[in-house]
Amino acid sequence: MSNSSSITEFLLLAFAGTRKLQILHFWLFLGIYLAALLANSLIITAVACDHRLHTPMYFFLLNLSLLDLGSISTTVPKAMANSLWDTRAISYAGCAAQVFLFVFLMSAEYFLLTVVAYDRYVAICKPLHYGTLLGSRACAHMAAAAWGTGFLYAVLHTANTFSVPLCQGNAVDQFFCEIPQILKLACTDAYLRDVGVLVVGVCLAVGCFVFIVLSYGQIFRAVLRIPSEQGQHKAFSTCLPHLAVISLVISTAVFSYLKPPSTSSPSLDLVMAVLYSVVPPALNPLIYSMRNHEIKDALRKLITGYFSEGKNCMLSFA
């Protein structure tokens, strides 16, 4: 047996036992990571550079893209490096930092998605009050509240997790330092101590989810009163993917964090972790922004302006 004071590193889950499959995993995660990096960076650039997108909705989407970039960068690069270099090790401090950053960014993102649902509710159901309820100061306060709540929850969760004595070795059955997998290394009585924090987190998540569902429920009611079928189709095609992604994240995360350790399956745990930690940051840009005509126009304008400047620069040197 070992205790947490003697542990200097953790061993993460290896995706495959053969070198060819490890390299395949590396290229697969690299493709997903680069796609998420490019899409979110384009959204951030478009919103920051185009004054037409300086509105509450795009302000929240910019924050969402920043959180997506941070969350996927916390877990995927380390998993890729381990597969590429055929290692499993992560330092104790690195594991603690990964837990803190992942919980912080994912929690803040979920709270921000709740704010986005409120933004859409006000825009569709109370359009005359939109400017009053979602002024620049109110938007800044709501975004700061999402980031701040995520930060405080991450501090609480990380401190509680790494204060638990570890008695079951240092092998973490996940491709990143996931809290439930770390707690499986804890002494039996110590594991129960962290359940309270997990329950608080689940209560917050379920409360936000209920608020989101009620907000979109009111949106759907308002949309059904629109006489235009085209307007209804546009609203439903926008809102339903939002709900689908939120439902995917909350269901897989709740399953991963609240299932009894005795029912754990390494392959199932891996699939659930990928679904709530890797898939949403890659899909969110497509669902929330890239299908939006204003974002597309802003990106087209930026790209056209970039190539025009490059062409003029080349001609000046000719």
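Numbers for residues simply follow the sequence, beginning at 1. Atom set for the values below is all heavy atoms of this structure, side chains included, hydrogens, waters and symmetry mates excluded.
The minimum heavy-atom distance between G70 and L105, with the atom names listed, is C-CD1, 3.2 Å. Scanning all heavy atoms of the two residues, the minimum distance from P285 to D68 falls at CD-OD2, 4.5 Å. Listed here is the closest heavy atom pair of F175 and L12: O-CD1, 3.6 Å. The two residues C95 and I182 make their nearest non-hydrogen contact at SG-CD1, 3.8 Å. Listed here is the closest heavy atom pair of V103 and A154: CG1-CA, 3.7 Å. Nearest heavy-atom pair across N40 and P281 is ND2-O, 3.3 Å.
Of the possible donor and acceptor atoms, none in the side chain of E109 sits under 3.5 Å from a partner among the backbone N and O of L64. Using a distance-only test at 3.5 Å, with no hydrogens or angles considered, no donor-acceptor pair links the side chain of E9 to the main chain of A89.
The side-chain contact (heavy atoms from CB on, under 4.5 Å) search around L275 returns L248, T252, V271, M272, V279, not counting sequence neighbours. By the side-chain contact (heavy atoms from CB on, under 4.5 Å) test, I246 pairs with Y110, L113, F209, I212, Y288, sequence neighbours left out. Looking at residues two or more places apart in sequence or on another chain, you find a ring-ring contact (aromatic ring centres under 6.0 Å, His included) between Y153 and H157. Listed by chain and residue number, N63, C139, A143 satisfy the side-chain contact (heavy atoms from CB on, under 4.5 Å) test with F59 (two or more places apart in sequence, or in another chain).
Within a 6.0 Å radius of CZ in F151, no more than 12 heavy atoms belonging to other residues, nucleotides or ligands are found.
Listed by first then second residue, pairs satisfying salt bridge (charged side-chain N to carboxylate O under 4.0 Å, His left out) with a partner in residues 122-141 number zero, not counting sequence neighbours.
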Expected list for residues 21-37: side-chain donor-acceptor pairs under 3.5 angstrom, two or more places apart:
from	atom 1	to	atom 2	distance (Å)
Q22	OE1	R19	NH1	2.9
Q22	NE2	A16	O	3.4
Q22	NE2	D86	OD1	3.1
H25	ND1	S83	OG	2.2
Y33	OH	S73	OG	2.9

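Summarising the geometry, atom CD1 belonging to I124 is positioned 11.5 Å from atom CD belonging to Q218; distances are rounded to the nearest 0.5 Å. Taken to the nearest 0.5 Å, the CG atom of L38 stands 9.5 Å off from the CD1 atom of I43.
None of T158, I179, T75 except one satisfies the side chain to side chain contact (heavy atoms under 4.5 Å, CB included) rule with F102; the exception is T75.
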#### Entry: Check against side chain to side chain contact (heavy atoms under 4.5 Å, CB included), S41 and L69
CA-CA 8 Å; S41 297; L69 275 179; 4.2 Å; yes
### Message
Show, in sequence, the C-alpha distance, side-chain angles and deciding distance for F176 and F10, and conclude whether the ring-ring contact (aromatic ring centres under 6.0 Å, His included) test is met.
### Response
CA-CA 10 Å; F176 66 98; F10 291 94; over 10 Å; no
